[in-house]
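In what follows, a single structure is set out as structure tokens and then discussed.
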Amino acid sequence: MQDPFNILVAGVGGQGNLVCGRILAEAAIQSGLRPVVGDTFGASRRGGSVLTHLRIGTTDWGPLIPKGEVDILLGLEPLEALRAAAKFAGERTVAIVSQTKIPTVVSNNEPAEYPAIERIIESLNKLCKQVFILDAEETLTQIGSMKMLNSYILGAMGSVTQTPVSLEGIRESLESLFGSKSANIVAFDEGANVVP
Amino acid sequence: MTPANAETILSGNEAIARGALEAGVAFCASYPGTPSTEIATTLQKMSEEYGIYVEWSVNEKVALEAAAGASWAGIPALCSMKSLGLNVASDFLLNLNLSGTGKGGLVIVVCDDPRGHSSSNEQDSRFYAKAAQIPLLEPSTYQEAKDIVPFAFQLSQKHKVPVLIRSTTRLSHSRGLVSMGEDLKHIWTARPLPENLFNVPSPHLKHRDLLDKIERIRDVFDNSSWNTKPTSKDVDLLIISSGISRRYSEEAIHLLKVKNIEVVNLVTTYPLPRKVITKALKKTRRVLFSEEIDPFVEEEVRSLALELDEIPEFYGKKNGTVPAFGEMTTDVMLETIAKILKLKLTRREQFDSDILIPRPLTFCAGCTHRNFYWAVRKVRKRANDKLVVAGDIGCYSLGVFYDRAMTTMQAMGSGIGVASGLGQLERFGFDSKVIAVAGDSTFFHACIPGLINAKHKGANLTFVILDNETTAMTGFQTHPGAVHQEVNLKRVKIEEIVKAIEPDFYARSDANNIPELVDLLHSTISKDGLKVLLLDSVCRLEVARREPAVEGISYRINSDLCKGEKCLICVHDFACPAINWDKAVGHPEILDQLCVQCGACVAVCPYDAIKEERV
């Protein structure tokens with residue numbers, strides 16, 4: 001195992017970044033590993049960018065992933081995924097990104113146009129080793145709402161790439177947080193079946 | 001709670017709270033502020049089980065005073081706050097240090113915010129330890145964050161000094177595994193206060209006694225096992241780190257795969273353990289400092305080195321090797337070490353792209369602060385731009401990003417203070433109307449003296465209180481004016497305080513009604529004297545916490561009435577996150593998953609295109 005194994009979760013306040021970090025940390029502990037989770041949540045309630053840095057290792061690492069050292073990038077939002085990749089992605093980075101946009105707002109009457117998804121994907125491909133784009137909107141709307149995207153993307157992560165924690169381990173952590181009947185579990189299982 | 005010896009995942013702040021429990025803390029007073037809030041929040045959750053008294057004080061100075069009272073009566077007291085909070089409390093701290101604390105002990109935790117993620121400034125609060133000449137401890141891991149607290153209490157109880165623990169954002173707000181100790185439930189009985197709890201008539205002699213104490217504490221630090229030592233006798237580059245920078249230093253060494261670099265980590269940073277440092281400096285020719293914000297340890301070590309026969313070469317913030325602003329990170333350490341050792345880093349070039357548009361912070365959908373600033377913009381136009389808004393600290397500080405609706409924004413309570421000065425400047429030809437803005441928790445924290453000053457001196461201004469009845473910015477802590485009070489807390493109404501001050505004009509209004517708000521604000525600023533507006537405001541997050549969502553109502557934009565690209569007022573000017581510009585169809589849409597059905601946008605549209613629909 002890469003030690004530390006680094007997972008970066010990028011999203012917007014309210015998307016459940018912190019929960020993602022917590023679930024993965026719990027699963028890592030259950031696998032006998034030592035997680036360190038660094039959250040940037042000062043702005044999380046105000047619609048700003050949120051990053052969760054997860055380090056999984058046999059010893060404690062610093063709370064921030066160094067530039068270029070990301071193993072997996074979980075993008076809950078395409079623009080935020082690109083912002084995180086621009087700063088932290090490297091030659092090992094596998095990006096798993098939801099293509100559903102969350103629009104930005106105008107600041108001080110200076111509008112900026114949200115880029116086309118194709119351009120975001122193109123840039124992500126330049127920055128990462130491998131990029132998986134998820135279209136979860138229809139599935140998640142059926143299950144309940146886009147609020148379950150964090151559970152869905154964890155399932156997808158386990159199905160497309162190797163991590164130090166197993167798919168079953170992550171699912172168990174989700175169950176212990178939300179209960180086995182939760183729609184989050186349904187979303188996770190849907191994500192796990194998304195193998196392209 | 002988790003039993004002893006078990007490992008559990010805790011944030012730095014939770015670890016500090018757990019450490020306080022293990023130290024037998026019985027009294028905690030705090031004012032919320034990022035990144036310190038969770039310390040008191042965690043203790044509050046345990047307060048009943050452990051018989052601890054926990055309060056959100058009205059401000060940090062009162063919190064520290066309350067905690068000192070408890071300490072004097074023999075009750076172990078903890079007082080946690082953010083960096084700027086210590087500025088508020090410092091007046092009392094620089095008296096308390098001389099008078100001394102009591103048998104209970106008093107530990108202050110200050111959480112600094114390098115980079116100012118959630119702060120109005122970037123400041124290093126460690127200088128307060130030096131100013132007050134009190135011991136300073138800086139945990140560098142989650143385990144130390146817990147373990148340092150009982151040590152801090154012992155130190156305070158023995159030497160009768162307040163002890164300062166300093167954390168920074170990345171330690172406070174990250175999580176790792178911590179091995180638990182015993183959390184004995186203590187039963188404390190208050191005892192009579194000690195004598196001489198004042199510094200007069202000879203503060204200088206109290207100062208002399210404090211200097212003696214700090215030398216005794218230096219000895220304790222020199223002989224403690226908190227600080228690490230170099231393992232080899234001839235270290236090529238010695239890094240002296242403190243706080244979370246320790247991990248960044250260790251990881252940078254690991255990534256560079258360089259040999260003969262060692263990290264000496266200091267946990268007891270003030271008074272500097274001179275023997276520990278002197279010994280370490282003798283084992284190297286080069287020293288690099290790794291610490292967050294200012295060169296605090298660096299300056300202490302550099303000044304100590306002047307007494308040595310051989311002075312090593314120093315690299316740090318003083319000579320520009322390390323940036324003296326912003327956050328410390330592994331990347332900063334990596335680049336710094338590479339620079340000193342003349343190593344070449346193979347790193348990807350900076351990715352620069354015009355598509356990476358910013359995601360500015362904004363008011364939540366339905367937040368009535370947006371309505372207020374909308375009104376400010378309208379009134380400013382009517383006043384031909386002759387309007388100054390002196391702002392304050394809270395969610396509504398985001399007004400600086402909202403068409404620059406807020407002109408100034410500094411410290412808690414500074415809006416009304418600055419305005420009470422501006423409100424005197426007509427005699428010098430100042431011809432703008434003056435508005436001061438504050439939230440409800442901020443009103444109690446620091447606005448009352450400024451408001452009384454404005455009344456007494458006859459300042460010409462309008463003070464607007466945005467009262468959403470909760471401390472929204474930091475997670476809904478109860479304050480004296482909140483409608484929902486916990487048991488045993490008595491409500492203090494802002495309205496009654498304002499009326500007692502007898503402003504020249506007072507009105508209370510609903511921040512949900514934009515047209516009324518615009519007219520009221522306009523007519524109020526046109527009056528002379530001290531005017532106060534109390535706006536009943538709504539925090540949608542607080543509402544969502546307490547009440548189920550409204551169903552059956554939704555808002556739609558009528559595409560026949562909407563002027564699309566020619567107007568864009570609702571999208572670009574009002575800028576609610578729930579209104580999105582749909583480029584494909586050429587007019588805006590309401591995003592149902594974000595909309596909270598407040599209806600504020602209905603009044604914003606000049607063409608009546610936004611309508612309420614009952615489903």
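In the text below, chain A, chain B and the rest are named by the order of the sequence lines, each starting its count at 1. Everything numeric in this text was worked out from a predicted model, so none of it was measured.
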Checklist entry - Has B/F401 got more than 12 heavy atoms of other residues, nucleotides or ligands less than 6.0 Å from its CZ? => result no
Item to check | Aromatic contact, A/Y152 with A/F188 (centres under 6.0 Å) | outcome: no
Item to check | Min side-chain heavy-atom separation A/L54-A/I56 under 4.5 Å | outcome: yes
Next on the checklist: Between A/E113 and chain B, with a heavy-atom cut-off of 4.5 Å, which part of the residue counts as in contact: side chain, backbone, both or neither?
Outcome noted: both
Checklist entry - Which region of B/L591, side chain (C-beta onward) or backbone (N, CA, C, O), has a non-hydrogen atom less than 4.5 Å from a non-hydrogen atom of chain A, or is it both or neither? => result side chain
Checklist entry - At a heavy-atom separation under 4.5 Å, does B/T330 approach chain A through its side chain, its backbone, both, or neither? => result side chain
Item to check | Heavy-atom pairs under 4.5 Å with chain A, option from B/K583, B/R170, B/R175 with the top count | outcome: B/R175
Checklist entry - Would a line drawn from the ring center of B/H254 to the ring center of A/W61 be shorter than 6.0 Å? => result yes
Next on the checklist: What part of B/D354 gets within 4.5 angstrom of chain A, counting heavy atoms only: side chain, backbone, both, or neither?
Outcome noted: side chain
Item to check | Contact origin within B/Y248 toward chain A - heavy atom pairs under 4.5 Å | outcome: side chain
Item to check | Side-chain heavy-atom pair B/I337, B/I253 within 4.5 angstrom cut-off | outcome: yes
Checklist entry - Considering only heavy atoms, which portion of B/R540 lies under 4.5 Å from any heavy atom of chain A: side chain, backbone, both, or neither? => result neither
Next on the checklist: Would you say the ring centers of B/Y373 and B/F363 fall short of 6.0 Å from each other?
Outcome noted: yes
Next on the checklist: Please classify the contact between B/D331 and chain A as side chain, backbone, both or neither, with a heavy-atom cut-off of under 4.5 Å.
Outcome noted: side chain
Next on the checklist: Looking at chain A, which one of B/C367, B/A365, B/G12, B/P358 has the largest number of heavy-atom pairs inside 4.5 Å, strictly under?
Outcome noted: B/P358
Checklist entry - Salt bridge check: are B/E251 and A/R55 linked by an N-O gap of less than 4.0 Å? => result yes
Checklist outcome for this item: Whatever's closer than 4.5 Å to a heavy atom in chain A on B/I357 counts as both
Checklist entry - Picking from A/I29, A/T52, A/I65, which has the most non-hydrogen pairs under 4.5 angstrom with chain B? => result A/I29
Item to check | Donor-acceptor pair, side chain of A/K87 and main chain of A/G68, under 3.5 angstrom | outcome: no
Item to check | For chain A, the option from B/L356, B/L171, B/L255, B/I244 that forms the most heavy-atom pairs under 4.5 Å | outcome: B/L356
Checklist outcome for this item: Okay, A/A116 and chain B: the region with an atom under 4.5 Å from a heavy atom over there is neither
Item to check | Parallel, tilted or perpendicular, as decided by the 30° and 60° cut-offs, for the rings of A/H53 and A/F88 | outcome: perpendicular
Next on the checklist: What's the separation between atom CG in A/N150 and atom CD in A/Q15, rounded to the nearest 0.5 Å?
Outcome noted: 8.5 Å
Checklist entry - When only pairs under 4.5 Å are counted, which of A/A25, A/S145, A/S123 shares the most heavy-atom pairs with chain B? => result A/S123
Checklist entry - chain B: which of A/E26, A/K147, A/M146, A/E77 shares the most heavy-atom pairs with it under 4.5 Å? => result A/E77
Item to check | Portion of A/L33 that has a non-hydrogen atom of chain B nearer than 4.5 angstrom | outcome: backbone
